[in-house]
Amino acid sequence: MSDQADSKDRSQLRQKQMIADHFALLARAKEDGKKVVYTFVPGNLTELIGAFDMLPVLPEINALQSGMRKKSAGYIAEAEKAGHSEDVCTYVKCDIGMMKSGNIGPTGTKLPEPDLLLLSYTGCFTFMKWFELLQREYKCPVVMLHVPYQPDGRITDEMRAYVVEQLRRDVIPAMEKVTGRPLDVDDLARRLALSKAAEDDLVAVWESARHRPSPIDGYFGGVYYVGPIFSSFRGSEDAAMYYRELRGEVEERVARHEGPMTPDGPVKERYRLVVEGPPNWTSFIDFWRMFSREGAVVVASTYTRVGGLYDTGFRHDPSRPLETLADYCLGCYTNLGLPTRVELLAKYIRDYEADGFLVNSVKSCNSFSVGQLLMLRQLEQKTGVPGGFIESDLVDPRYFGKANIENRVQSYLQMLDARRGSSAPHAATGVSP
Ligand code: SF4
């Protein structure tokens, strides 16, 4: 967590090194003869990619990194100049703009061109359009894994078999063709076992938020925690080690009764919130401070489950390699129908004893934003906990109205105060940004 004022934990240093090493590998992929796969975060098949010794590139991660590094506005302008409409998801435009500006990745080195575009389709139609655009540029093969939507929160045998059949018939042969080697099933199983270990530890981290105070922020801090498991590292020894260390650090915070770390140091918990929707990346630290300065701690969020929903029980299972990959893809948050999403949020509100829940509706992302007002109403009815609604965007700074969002957050927290009849002073951390 590069912006934290405190000295870095071992897990943070490890993650930083993992990212640097991965981008260094990508920078010399062509000279090392390594094959490169571009693929998306939800429904990613990282263990399978690793079993073929290929290197993944996640365009959404590059886009959010560009947002955090204040480069996305320029990239989006570049894409709009090339004819992409203002309404298109800004991750797509950021990625296209980055590509047209030299394809320099987050660590400042050039990203290699893909040898394969692996389109794992988990509920977002934009993914298809995005890779159509990339295919025109790169002229490399595309392989698609069609993952059926879960309308009622159940994975049927037919759905699983349909995905497994595509893995066998389309995805694995495409990877074998690109790499010139057969799938090493034992290596895939070894990686899946490492994933399971990391997932166990990540769930322990999420569940630590049941403590009062919560030792973690499960949204602003949580996006750093999911970095390795959502991106290129699931199924690696490094990722397993990262989550083991992170869990240990969080358990130490619990023992010391400490709240989460923020960019300005530890926060004293006054409000416990659940958040639905992705964060804004262009003003990420400002956005976080709107909450941390007020002592508002996010105890659970859905965005941190978008690349894998583990706290409802799913784990990668090395004894059924293809079936478990299918179940993973089918269970991604954006692949779930609205009733399942509402149930999940209601469970978070109850399990983590939240005082309130907030929806951050981002302009770009229909996969998240559709139905959020309805979800808000249903959640209020189900839980009796008051909801709030704010609007921003992922990486387009034109849609982050700082004063407006800050006003709304403060009014919402004051409303929570009024509801519980609190007379405590409003500012909790005593830390100036
Ligand atoms: S619309 Fe949402 S899920 Fe789809 S690519 Fe954009 S950010 Fe991702």
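When a ligand or atom number is given, it counts from 1 through the structure's own listing order.
- Using modelled atom types and a 3.5 Å distance limit, the side chains of Asp317 and Ser319 yield a donor-acceptor pair.
- Residue pairs meeting the salt bridge (charged side-chain N to carboxylate O under 4.0 Å, His left out) criterion with at least one member in residues 50-70, sequence neighbours excluded: Lys34-Asp53.
- Sorted by chain and number, the protein atoms of type N, O or S within less than 2.8 Å of atom 6 (Fe) of ligand 1 are Cys89 SG.
- Other residues, nucleotides and ligands contribute more than 12 heavy atoms inside 6.0 Å of the NZ atom of Lys30.
- Screening Arg244, Lys196, Arg315 for a salt bridge (Lys or Arg N to Asp or Glu O under 4.0 Å) with Asp201, the sole residue that qualifies is Arg244.
- Distance check: Tyr328 OH to Asn44 CG gives 4.0 Å after rounding to the nearest 0.5 Å.
- The aromatic rings of His146 and Tyr162 sit perpendicular, their planes meeting at an angle over 60°, well past the 30° parallel limit.
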